[in-house]
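Values below: every heavy atom of this structure, side chains too, minus hydrogens, waters and symmetry copies. Note that the coordinates shown come from a computational prediction; the quantities given were computed from them, not determined experimentally. Order of the sequence lines fixes the chain letters, A, B, ..., with proteins taken first and strands second; residue numbering starts at 1 for each chain.
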Amino acid sequence: MTATLGGWRRSHTCGELRAAHVGQTVTLMGWAFRRRDHGGLIFVDLRDREGLTQCVFNPATSGEAHSTAQDVRSEFVLAVQGTVQRRPPGTENPKLPTGDVEIQVSRLKILNESKPLPFPLEEEAAVDEAVRLKYRYLDMRRPQVLRNFVIRDRICRAVRDYLHGQGFLEVETPFLTRSTPEGARDFLVPSRLSRGHFYALPQSPQLFKQLLMVGGFERYFQIVRCFRDEDLRKDRQPEFTQIDIETSFLDRDEFLPIVEGMLVEVFKRVGGIDLPVPFPRLAYDEAIARFGSDKPDLRYGLELSECSDLFTAAPFQTFAQVVAAGGAVKGLRVPGGGGMSRKELDDLVEAAKSAGAKGLVWVKVNPDGLQSPVARFLEPLKLGLLGRLAAGPGDLLLLVGDQMPLAAMVLGRLRQDIAQRLTLVPPQEFRVCWVLDFPLVEWSEEERRWDAVHHPFTAPRDEDLPLLDTDPGSARAKAYDLVINGQEAAGGSIRIHQPAVQEKMFKLLGIAPQEARARFGFLLEALEFGAPPMGGIAAGLDRLVALLAGEESIREVIAFPKTQKGTCPLTDAPAPVDPGQLKDLGIRLAEEP
RNA sequence: GGGGUCGUGGUGCAGCCUGGUUAGCACACUGGACUGUCAAUCCAGAGGUCGCGGGUUCAAAUCCCGUCGACCCCGCCA
């Protein structure tokens, strides 16, 4: 190092020099971002993590430095020594924080050269993501990419500071663990020492954090990697990071404010945003009824209306039958949507069908009456309908009749599309809410059994405990989701801490006692040794960072993300392995089918 | 597993629908000129298996089939 640097020491970063530094002799190190060669005079914008500083190479100052600067190309690594001087009047650059000054370079050292780059680092340059990821180490030199990781770092620090202040212990849990049934597909790791046996990478530290509570740690958190072998999306990676939290002796209403405090701290420190507390709370049923979603976006209105009663005895047989069969008719008013073309309406109908609806009734409210494929059935209901939906001329009404919650969820999906199309979504705004009282279980038609909505360790609400025997589908869980701008940002629950209840839950889910013992025996046993009441939450760190960074995809806030097929363009993982490695593991690959 | 968009010098795109000049433009790159630029400017130049394979045709970047890859969506993600 010393040899290369020749005793030079960096005195300042490229982001900090101001008019107050004029006259000082400084040493800067960084990358040549841009070079402007005027023949007699050469300008180089030197870039490091903190910013840009213009360096001037004048033969009158140093002929040697000037001639070396002629060889400088993009992304050469440079060390410069020189004097900070005020730029000549009229040549200041207001776009740069350092734009009032420049370095009159007396000595230049090229620390390393660079080949021409495979893509430009200019901010405005659009580059294919696959190319960016293959050369991610170059991509991150772009200030707008770096910025996302600064935000990520600050969020993590705010989380740690806050939780430590609240008495939480940061504890690590194993990555090599055992496969859990249910949930996502596991990533498996073959064991060499126990041939034929496999570890699984954790989908979350769920069981371990409960064991930490049995262990008396009382308040635990971890910023931890989780692994799920499922298909990817712009907000889903095979490995992602959670802020994982668990507490003892707290009921839901004592725990949620702790999480609110964490979010307040993060948004305040990182975004300068004041989130009002307490966060609004919506029961699951209410969220579905009003917004057609269990993760409602509260940044805009477009609430759904309950219209079932209007159709009980109506001439519109289709809906009357739906209501008679215990279903519901839900309505959505699209303000000013009366001008939509036939094609746009057809697209809405298509979208409704692909969301699972049998159909979609649209109604244009014209000054002279209703216009709709079923207008003649609706005309008698006109006043009731317009009143219920608060609709007037120029509006479009969308109606779906089906079983709940499907009817509402179909409109909930259209609600999002329409908000986008009508640009009702305010930018730079954050609306946070809790969704509570989720159903404990839901009936799985294909498996012919009850499935846990959250996970099998989630406690039912105390008053709903008897329902486990009589009407499991109506039992509500002590589960909660934190929703920000229509995205699930965190989810958690109060856990079952009594073995008898846990066994009852397994039974309900069709997990036989011996099967439960085989899979979760260690947890069941732990619950028998004085497990405290406990509950917690897991927040998706990547999504939180993306939200605060204003990025669509979490790939933008992960240093080395995977493509949609789960590959890494930089390392070419996953890759075949040496046959000897497979032999050690006792693994033979099956022939291709 | 299914649907959609895209794939053309290093990068970003046009050309494709309606097959036929030497595949065009911008940026980057190379050489030259230039002492106040900051997306420097001006002059000159080099750089292409049109993702891959097959088919149709006198002729394919262009039409057809297959395949691979990237992205978006549905399913999936307790």
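- Among the heavy atoms of the strands lying under 4.0 Å from A/Gln54 is at least one base atom, whether or not backbone atoms are also near.
- Nucleic acid contact for A/Arg34: sugar-phosphate only, since backbone atoms but no base atoms lie under 4.0 Å from a heavy atom of the residue.
- Distances from the side chain of A/Asp231 to the nucleotides B/rG75, B/rC71, B/rU37 place B/rG75 closest.
- Between the side-chain ring of A/His38 and the base of B/rG36, no stacking contact exists by the 5.5 Å and 30° definition.
- Listed pair A/Arg87 / B/rC38 fails the phosphate criterion, with no side-chain N or O lying under 4.0 Å from OP1 or OP2.
- Residue A/Gln564 places at least one side-chain N or O under 4.0 Å from the OP1 or OP2 atom of B/rC72.
- Using a 4.0 Å heavy-atom distance criterion, A/Glu552 is classed as making no nucleic acid contact.
- Comparing A/Ser204 and A/Thr567 against RNA chain B, the residue whose closest nucleotide sits nearer the 5' end is A/Thr567.
- When both pairing distances are held under 3.5 Å, B/rU67 makes a Watson-Crick or G-U pair with B/rG51.
- Toward the 5′ end of RNA chain B lies the nearest nucleotide of A/Asn93, the other residue of the pair A/Arg228 and A/Asn93 mapping further downstream.
- OP1 or OP2 of B/rA39 has not a single side-chain nitrogen or oxygen of A/Arg35 nearer than 4.0 Å.
- Between A/Arg36 and B/rC34, a side-chain N or O to OP1/OP2 separation shorter than 4.0 Å is absent.
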